[in-house]
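Everything below concerns the one structure shown next.
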Amino acid sequence: MNQKKKNIFAVCDLEVEYAYNFMEYLNQRRNLPFEVQAFTSPQILCEYAKTQPIEILLISDKAMCEEVRRLKVGKLIILTEGVHNPELDQYPSVYKYQASDSVVREVMECYGAEKAARESLPQWKRQASVIGIYSPVGRCQKTSFALTLGQILAKDRAVLYLNLESYSGFEQLLGEVWERNLSDLLYFLRQDNASIVHKLSGMIQSVQNLDFVPPALAPMDIQCTDVKEWLRLIDSIVSESAYEVLILDLGDCVQELYQILDVCTKVYVPVRGDSVSMAKLAQFENLLRMWDYESVLEKLQKIKPPFYSTNRTGKGYIEELAWSEMGDYVRQLQRRGPE
């Protein structure tokens with residue numbers, strides 16, 4: 001069956017270098033369900049729009065003209081250098097001279113705000129695989145393994161990482177504070193907002209091509225989310241977003257954890273070799289049998305990742321993972337396949 005063509009995200013800026021550099025950045029964002037086109041002339045843009053419908057148009061205030069105003073586009077957003085013509089106040093605007101990922105988040109927030117129920121989400125993608133990473137054993141390098149795996153897979157595929165632990169420590173680890181996080185995404189989900197995937201795009205952060213949603217700040221936001229909500233979020237990402245791989249870094253506070261593990265394509269279980277750790281693993285496997293989750297048992301792949309330690313902080317900590325002994329281990333694991 002033929003895949004539906006992607007919607008067009010057009011960027012128009014009179015500065016040639018900016019327009020094409022921004023287009024190149026967008027094309028590296030594999031999670032965006034759009035075909036990106038860059039223009040450095042409003043006249044060429046208008047000629048293109050005569051035959052190709054444009055879903056999002058991000059255009060600099062200096063490139064705006066009456067002909068562009070008459071274009072029928074899904075969403076027109078002004079790329080402003082700060083102060084612009086008051087006549088353009090009718091359009092939402094995004095500040096030009098900020099990090100490209102910030103521009104994209106603001107654009108997707110503008111787009112997603114009125115996207116709900118306007119049309120069904122694109123059906124052009126194939127379903128994503130869901131990789132669960134969970135362990136009943138503590139201090140087993142679970143999150144370091146998950147972040148390493150995500151970065152390595154993100155070299156060739158669109159990958160999203162979600163941390164569902166009570167305490168991720170991401171703000172402290174990365175030294176950043178985010179305006180939106182997983183708690184906000186769950187809030188939007190509970191509003192029955194049809195544009196949940198576009199809301200997701202507006203809060204994505206990236207490191208080494210790996211996309212992630214900033215984790216929830218409070219354990220209660222994870223603990224109070226019921227399994228139906230988790231499953232709906234997972235289903236939306238798998239079936240409606242442009243991601244090819246979803247990585248779930250799971251903790252024990254997730255309600256009905258075994259149901260979440262059951263929807264995973266594969267479940268990596270980091271373990272340790274000491275007696276206490278092996279006893280905890282045995283209890284976990286016995287409970288899966290008792291509660292009729294043999295299907296989860298079949299997906300488990302027990303691993304013993306190496307210990308990773310570094311003095312690096314911030315995103316450098318995560319980036320270094322892929323080139324550490326942990327990265328070598330993950331690459332070997334991917335080459336070897338299931339054990």
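Position 1 is the first residue of the sequence, and the numbers go up from there.
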Please enumerate all residues that pass side-chain contact (heavy atoms from CB on, under 4.5 Å) together with V159, with sequence neighbours excluded.
L153, A154, R157, L210, V245, I247

Kindly write out the residues that satisfy side-chain contact (heavy atoms from CB on, under 4.5 Å) with S277, not counting sequence neighbours, or none if the list is empty.
V137, R272, D274

From [X] atom [atom1] to [Y] atom [atom2], the distance as rounded to the nearest 0.5 Å:
{"X": "T313", "Y": "I318", "atom1": "OG1", "atom2": "CD1", "value": "11.0 Å"}
{"X": "C264", "Y": "L246", "atom1": "SG", "atom2": "CG", "value": "8.0 Å"}
{"X": "L250", "Y": "N163", "atom1": "CG", "atom2": "CG", "value": "9.0 Å"}
{"X": "Y161", "Y": "F212", "atom1": "OH", "atom2": "CZ", "value": "9.5 Å"}
{"X": "L261", "Y": "K299", "atom1": "CG", "atom2": "NZ", "value": "8.5 Å"}
{"X": "S309", "Y": "E325", "atom1": "OG", "atom2": "CD", "value": "11.5 Å"}

Side-chain hydrophobic cluster, 4.5 Å single linkage: members besides W323
none

Members other than Y97 in its cluster, when Ile, Leu, Val, Met, Phe, Trp, Tyr link by side-chain heavy atoms under 4.5 Å?
Y95

Of all residues at least two apart in sequence or in a different chain, which pass the salt bridge (charged side-chain N to carboxylate O under 4.0 Å, His left out) check with [X]?
{"X": "D101", "result": "R105"}
{"X": "D328", "result": "R331"}
{"X": "D252", "result": "none"}
{"X": "E15", "result": "K96"}

Given 3.5 Å as the limit, does a donor-acceptor pair link the side chain of [X] with the main chain of [Y], or not?
{"X": "D235", "Y": "L231", "answer": "no"}
{"X": "E244", "Y": "A158", "answer": "yes"}
{"X": "S201", "Y": "V197", "answer": "yes"}
{"X": "S102", "Y": "Q98", "answer": "no"}
{"X": "K304", "Y": "P270", "answer": "no"}
{"X": "Q191", "Y": "Y187", "answer": "yes"}

Between [Y] and [X], is there a side-chain donor-acceptor contact under 3.5 Å, judged purely by atom types and distance?
{"X": "Q334", "Y": "Q332", "result": "no"}
{"X": "N27", "Y": "Y25", "result": "no"}
{"X": "Y91", "Y": "T80", "result": "no"}

Just to verify, which of T148, T310, N311 counts as forming a side chain to side chain donor-acceptor pair (under 3.5 Å) with E320?
T310

Please list, chain by chain and in numerical order, all residues satisfying ring-ring contact (aromatic ring centres under 6.0 Å, His included) with F284, sequence neighbours excluded.
Y134, Y258

With sequence neighbours left out, the residues meeting ring-ring contact (aromatic ring centres under 6.0 Å, His included) with Y20 are none

For residues 220-227, which side-chain N or O atoms pair as donor and acceptor with protein atoms under 3.5 Å away, sequence neighbours left out?
{"residue": "D221", "atom": "OD2", "partner": "S183", "partner atom": "OG", "Å": "2.7"}
{"residue": "T225", "atom": "OG1", "partner": "R190", "partner atom": "NH2", "Å": "2.9"}
{"residue": "T225", "atom": "OG1", "partner": "D221", "partner atom": "O", "Å": "2.7"}
{"residue": "D226", "atom": "OD1", "partner": "K228", "partner atom": "N", "Å": "3.1"}
{"residue": "D226", "atom": "OD1", "partner": "E229", "partner atom": "N", "Å": "2.9"}

Do [X] and [Y] touch side chain to side chain, with heavy atoms closer than 4.5 Å?
{"X": "E176", "Y": "K315", "result": "yes"}
{"X": "L200", "Y": "I196", "result": "no"}
{"X": "K302", "Y": "E285", "result": "yes"}

Is it possible for you to check whether K199 lies under 6.0 Å from the centre of the six-membered ring of F188, through NZ or CZ, and within 45° of that ring's axis?
yes

What's the verdict on side-chain contact (heavy atoms from CB on, under 4.5 Å) for I133 and K142, showing C-alpha distance, side-chain angles and the deciding distance?
CA-CA 7 Å; I133 302 175; K142 177 175 69 71; 3.6 Å; yes

For K62, is there an ion pair with E81 - N to carboxylate O distance below 4.0 angstrom?
yes

Do any side-chain atoms of residues 64-74 form donor-acceptor pairs under 3.5 angstrom with protein atoms, and if so which ones, sequence neighbours left out?
none

Is the ring centre of Y308 less than 6.0 Å from the ring centre of Y329?
no

Closest approach of [X] to [Y] (non-hydrogen atoms, all atoms of both residues):
{"X": "K75", "Y": "P92", "value": "CE-CG, 3.7 Å"}
{"X": "E47", "Y": "K50", "value": "OE2-NZ, 2.8 Å"}
{"X": "C110", "Y": "I77", "value": "CB-CD1, 3.8 Å"}

